[in-house]
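Taking it in order: structure first as structure tokens, then the write-up.
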Amino acid sequence: MMHILVVDDQALNRILLQRLLTQEGYTVSLAYNGVAALKILSQTPIDIVLLDVVMPIMDGFETAKIIKQRFNDIHLPIIFITALDDHASFERCLAVGGDDFIQKPFEKVILHAKIKAHCRTRELSKKANQQKILLEEHQNQREREYEIIEHIFNNSLENQDQFKTHLDFNLSPATMFNGDMFLVAQSPIGNLYCMLGDFTGHGLAAAIGALPASRVFYTMVKKGMAVHDIARELNLLLYNLLPGHMFCAATIIELSASGKSISAWLGGLPDTYLIDKQGNLKKTLESQHMALGILNNQEFEHEVIHFEVNEQTRLVLATDGIIETTNKQGVFFSEQRFIETLKLNPMISSENIVNSVSQFADGTKQQDDISIVLLNCLPLSVKPEPREAFSKLAFNMSLSLDSKQIKNTDPVYDLVNMLSSISGLKAHRANIFLLLSEAYNNALDHGVLKLDSQLKTQDDGFFKYYELRAKKLAELSNAKLSIEVSYCPDSLNLYFIICDSGCGYTHQQDTLFNDAAEFGRGLSLLDEIAQRVTYNSSGNQVEMCYKLS
């Protein structure tokens, strides 16, 4: 119920108004001058003030002016009680903040009508003020969240400026926060890791997932984990963290410290391009997997591709914001236009590319985050850092796999996990994984299953190749594969021997494929990473020596 303050120096008027108002159910407080009224207002929530004009100590004009100044958060109606009837007095009442008039002597019907009208106004003002408070709280909370996220984002991106020779990138968010994510870090043995990710949507909601993902990425690179390990761990994190409709399309790259080889996990982003310094396309790398956060840990596909590079090549990564940019006619920038843009200038910069996209858009509002990364395939210096001491205990281990085990196990992944647990070897996990996976997959695909990589040159060649691989693997019988590993602490060497029961695969065949091929380069990568690689005469056994120091 409304609380009304009656301010009048005449006791008879106060008592009369109190009786009329309490009969209608209103709560009434009384004051005999302006000073007393202000004291009551400071102590009690009042909804309407009935204010006499002529009073001692502080009259109605002065009181009304102070009330409007002090209690202006919510509209507080002031109805003047006056016997004055001249226009000058009425104008002065309005000038000091009065909202209405009731002339003496009081008319009951008019009094109640005006009270009810101003009650409605007061209620509307209360609701409006509540909404204002809620909006302010929401705005303040949002600003605090933005400040926190901006601070974390700035810290997350601090490594990027350390690799200016190798990386040229540009991230242009569609809103204040970027749903695209670019992370960079160097492993203990000097390999450079990059991750370009694109979360569902854009803005703050999309950016939230980047924060925990960046922590996982940096932590795992610092431990020397392999690309497939990072992809698997990020997928598990985002699968458990994000709602069902959100995911992160991503490309994760590892450039060897020598600058001569790349390992890549490709999940959902547009094609990655390997170009020369003139911008000519040398290789197209299509997405191999679903985006991070969609599949559970058992369904997740961690396979990584490996290929050789040199100082004349650059890797181009981009999110779909570039190729899906439209102009005023609704035409897409497109993959073909993107490829042609790469050839506009020698050593084209990310800024040049983004400017070309902006010119094409011709003022059309940016609808999605736009990110472009150019990786120059150059050698890296290894920062001297304290490392875990190498084990002083020599060891040998061997695995012998029959057809059933070949079909149902991933021996490379399990073996790399075992080796990584040995003191000093964890930092070399990525290189150990690459050596074992390339040698093992070569022995399985070409030695045991007798698959021919030339099949990949046909239309839908990769799909046909892996379809045939799955079929032959399901039918496999009477096959054997063995893996032997030995460690010499004196020379800090790891030795690997992979042998298959197939008819052999000549490693010279690897040289038949040109540099632009998307396959057939695995064996030459072994020569790049290992200190020594040798094959037996029949081609069904490979021996590798990897130097840990």
Side-chain angles (χ1 to χ4, degrees), residues 145-146 148-160 171 173 177-188 191-254 263-269 272 287-305 317 319-320 369 371 373 410 412-414 416-417 420-421 426-427 429-430 433 437:
E145 290 174 350
Y146 280 5
I148 293 169
I149 294 172
E150 186 175 10
H151 174 76
I152 297 174
F153 263 58
N154 289 336
N155 288 343
S156 296
L157 302 179
E158 61 185 12
N159 289 336
Q160 294 174 337
L171 281 69
F177 288 99
N178 205 336
D180 291 353
M181 171 182 64
F182 180 52
L183 306 174
V184 182
Q186 192 172 18
S187 74
N191 294 354
L192 181 64
Y193 288 75
C194 306
M195 175 179 173
L196 181 63
D198 182 2
F199 284 87
T200 310
H202 54 264
L204 179 60
I208 290 297
L211 305 179
S214 65
R215 293 298 95 200
V216 169
F217 176 84
Y218 291 133
T219 300
M220 298 197 73
V221 172
K222 188 175 182 179
K223 292 179 179 179
M225 306 299 278
V227 167
H228 77 283
D229 293 313
I230 297 173
R232 183 188 290 275
E233 192 67 21
L234 285 169
N235 180 76
L236 179 61
L237 167 75
L238 297 178
Y239 180 81
N240 293 324
L241 176 69
L242 299 179
H245 65 279
M246 286 189 69
F247 52 83
C248 178
T251 294
I252 306 173
I253 299 293
E254 177 195 4
S263 299
W265 185 90
L266 308 165
L269 281 185
T272 295
S287 175
Q288 307 285 313
H289 308 294
M290 297 182 72
L292 298 170
I294 296 177
L295 303 176
N296 62 35
N297 204 38
Q298 288 70 37
E299 299 169 326
F300 181 71
E301 301 170 342
H302 65 267
E303 288 78 11
V304 173
I305 62 172
L317 293 73
T319 57
D320 57 11
D369 304 317
S371 300
V373 178
D410 186 350
V412 172
Y413 187 73
D414 292 338
V416 170
N417 283 339
S420 297
S421 66
K426 181 182 292 184
R429 180 184 177 96
F433 173 79
S437 63

Is [X] reaching over with its side chain to a backbone N or O of [Y], donor-acceptor style, under 3.5 angstrom?
| X | Y | result |
| --- | --- | --- |
| His289 | Glu303 | yes |
| Asn235 | Leu295 | yes |
| Glu233 | Ile230 | no |
| Asn191 | Ser187 | no |

Between [X] and [Y], is any pair of side-chain heavy atoms under 4.5 Å apart?
| X | Y | value |
| --- | --- | --- |
| Met290 | Glu301 | no |
| Val227 | Phe433 | no |
| Leu192 | Glu254 | no |
| Phe182 | Cys194 | yes |
| Ile252 | Leu234 | yes |
| Ser437 | Val304 | no |
| Leu269 | Ser287 | no |
| Ser263 | Ile305 | no |

*Mind checking ring-ring contact (aromatic ring centres under 6.0 Å, His included) for Tyr239 and listing every partner two or more places apart, or none if nothing turns up?*
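Counting only residues at least two positions away or on another chain, Tyr239 forms no ring-ring contact (aromatic ring centres under 6.0 Å, His included).
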
*Contacts of His302 that satisfy ring-ring contact (aromatic ring centres under 6.0 Å, His included) - sequence neighbours left out*: His228, Tyr413

*Which distance, rounded to the nearest 0.5 Å, do you find between the CG of Asn297 and the CG of Leu236?*
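Here the rounded value is 5.0 Å.
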
*Rounded to the nearest 0.5 Å, what's the gap from CG on Leu196 to CD1 on Ile253? Could you check?*
9.5 Å

_Intermediate values then yes/no, ring-ring contact (aromatic ring centres under 6.0 Å, His included), Tyr193 and Trp265_ = CA-CA 11 Å; Tyr193 288 75; Trp265 185 90; over 10 Å; no

*Test side-chain contact (heavy atoms from CB on, under 4.5 Å) on Ile294 and Phe300 and set out the steps.*
CA-CA 8 Å; Ile294 296 177; Phe300 181 71; over 6 Å; no

*Report yes or no: do Asp198 and Thr319 form a side-chain donor-acceptor pair below 3.5 Å?*
no

*Of all heavy-atom pairs between Leu241 and Pro212, which one has the smallest distance, and what is that distance?*
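Of all heavy-atom pairs spanning Leu241 and Pro212, the closest is CD2-CG, 3.4 Å.
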
*asked:* Can you list everything that forms a salt bridge (charged side-chain N to carboxylate O under 4.0 Å, His left out) with Arg429? Sequence neighbours excluded, please.
replied: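 Salt bridge (charged side-chain N to carboxylate O under 4.0 Å, His left out) list for Arg429, sorted by chain: Asp229.
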
